[in-house]
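Encoded as structure tokens, the structure appears first; notes follow it.
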Amino acid sequence: MNEPLTIYLQDHLAGATAAIELLQVMGERTDPLGGFAKHLLTEIEVDRETLQRLADKVGSGENVIKEVASWLSEKVTRLKFGHGMADPFGTFQAIEFLSLGILGKLALWRALETLSLSDTRLSGVPFNELVLRAKTQFSQVEERRLEIAGTAFRLPN
């Protein structure tokens, strides 16, 4: 577990778990954002499965401590954002959290693509497709984040 690549993959697995938990909460909404969250959740789950397969192939498996830490972090996030998700600022913060996570995932796929040139454990993975999907996800989330920004920072009357 001391290999840097193992640690890197575990960190991203924990982040993906937190994103999935947050998207599950957002998916409970009955507005268009809830439908969007459900769609994005499906894609993020597929990405996490891909990442888990890579971690298994590299030999890192699952890190229970990081998974639990991620779970606890999501629960804190739920307390902060979940109750406030009906208010625009809480929604904005939750979407911004997802946006930043997707940028991290994009950086992950790009780094792994570069590493795959010299590390055969990473060969055969369609990193170009994963990069493209992350870019699309970021664009979609960012569009919603900016839509909500106008109301999230509106001063009360």
Side-chain angles (χ1 to χ4, degrees), residues 4-5 7-55 58 62-63 66-117 122 125-157:
L5 181 57
I7 295 166
Y8 186 60
L9 294 174
Q10 288 300 327
D11 289 347
H12 279 276
L13 280 167
T17 299
I20 287 168
E21 293 276 336
L22 183 57
L23 284 166
Q24 288 171 339
V25 172
M26 290 177 73
E28 295 170 3
R29 295 172 63 123
T30 57
D31 61 6
L33 188 59
F36 171 72
K38 287 177 188 174
H39 170 76
L40 187 59
L41 172 62
T42 302
E43 290 186 7
I44 301 296
E45 287 172 332
V46 169
D47 291 343
R48 190 193 184 289
E49 289 170 12
T50 299
L51 186 54
Q52 183 64 61
R53 282 193 303 276
L54 278 171
V58 166
E62 291 190 22
N63 183 318
K66 285 190 180 182
E67 290 293 321
V68 169
S70 175
W71 181 83
L72 287 172
S73 172
E74 185 280 328
K75 298 309 172 208
V76 171
T77 300
R78 184 182 295 218
L79 286 173
K80 180 174 180 176
F81 301 140
H83 295 296
M85 273 218 227
D87 99 40
F89 184 64
T91 301
F92 177 82
Q93 287 186 302
I95 292 175
E96 186 163 83
F97 173 81
L98 291 171
S99 180
L100 293 171
I102 291 168
L103 284 177
K105 178 174 60 176
L106 175 60
L108 162 81
W109 296 141
R110 286 178 169 161
L112 294 179
E113 183 174 35
T114 299
L115 290 173
S116 72
L117 301 174
L122 302 173
V125 178
F127 289 112
N128 56 335
E129 293 174 19
L130 295 168
V131 165
L132 181 60
R133 184 164 59 217
K135 285 180 179 180
T136 301
Q137 290 169 353
F138 175 74
S139 176
Q140 293 169 346
V141 170
E142 184 67 1
E143 180 180 328
R144 278 148 187 88
R145 188 182 75 86
L146 294 175
E147 286 173 1
I148 294 168
T151 56
F153 295 101
R154 186 173 294 147
L155 294 174
N157 295 330

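Position 1 is the first residue of the sequence; numbering continues from there. Scope of the values below: all heavy atoms of this structure, side chains included, with no hydrogens, waters or symmetry mates.
Atom CG in L51 sits 4.0 Å away from atom CG in L13 (nearest 0.5 Å). Rounded to the nearest 0.5 angstrom, M26 CE and L98 CG are separated by 5.5 Å. Remark: L40 CG to L23 CG distance equals 5.0 Å, nearest 0.5 Å.
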*Do D11 and I7 pass the side chain to side chain contact (heavy atoms under 4.5 Å, CB included) test, and can you show the C-alpha distance, the side-chain angles, and the key distance before you say yes or no?*
CA-CA 6 Å; D11 289 347; I7 295 166; 3.9 Å; yes
*Could you please spell out the steps behind the side chain to side chain contact (heavy atoms under 4.5 Å, CB included) verdict for W109 and E113?*
CA-CA 6 Å; W109 296 141; E113 183 174 35; over 6 Å; no
_With side chain to side chain contact (heavy atoms under 4.5 Å, CB included) as the criterion, how do T114 and R110 come out once you've worked through the C-alpha distance, each side chain's angles and the decisive distance to 0.1 Å?_
CA-CA 6 Å; T114 299; R110 286 178 169 161; 5.8 Å; no
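A salt bridge (charged side-chain N to carboxylate O under 4.0 Å, His left out) check over residues 139-149, counting only residues at least two apart or in different chains, returns the pairs E96-R145, E142-R145. Identified under the salt bridge (charged side-chain N to carboxylate O under 4.0 Å, His left out) test for residues 30-46, with sequence neighbours left out: R29-D31. Applying the ring pair (Phe, Tyr, Trp, His ring centres under 6.0 Å) definition to pairs two or more places apart or across chains, those involving residues 134-155 are F89-F153, F92-F153.
Side-chain contact between V125 and L54: present, with at least one pair of heavy atoms (C-beta onward) separated by less than 4.5 Å. Residues Q93 and F97 have side chains not in contact (no heavy-atom distance under 4.5 Å, counting atoms from C-beta outward). Side-chain contact between Y8 and L108 is present, with at least one heavy-atom pair separated by less than 4.5 Å.
Exactly one residue among I20, T17, L22 makes a side chain to side chain contact (heavy atoms under 4.5 Å, CB included) with I44. That residue is I20.
For the side chain to side chain donor-acceptor pair (under 3.5 Å) test, residues two or more places apart in sequence or in another chain that qualify with R53 are T50. Contacts of T151 classified as side-chain contact (heavy atoms from CB on, under 4.5 Å), with partners at least two apart in sequence or in another chain: P88, I148, R154.
S139 places no side-chain N or O within 3.5 Å of a backbone atom of T136 that could act as its donor or acceptor partner. For the pair S99 (side chain) and I95 (backbone), a donor-acceptor distance under 3.5 Å is absent.
G104 approaches H12 most closely through the heavy-atom pair O-CE1, 3.3 Å. Taking both residues in full, the closest heavy atoms of G27 and A37 are given as N-CB, 3.7 Å, listed atom of the first, atom of the second, then distance.
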Pair up each side-chain donor or acceptor in residues 127-135 with any protein partner under 3.5 Å, not counting sequence neighbours, and list the distances.
residue	atom	partner	partner atom	Å
R133	NE	D47	OD1	2.9
R133	NH2	D47	OD1	2.4

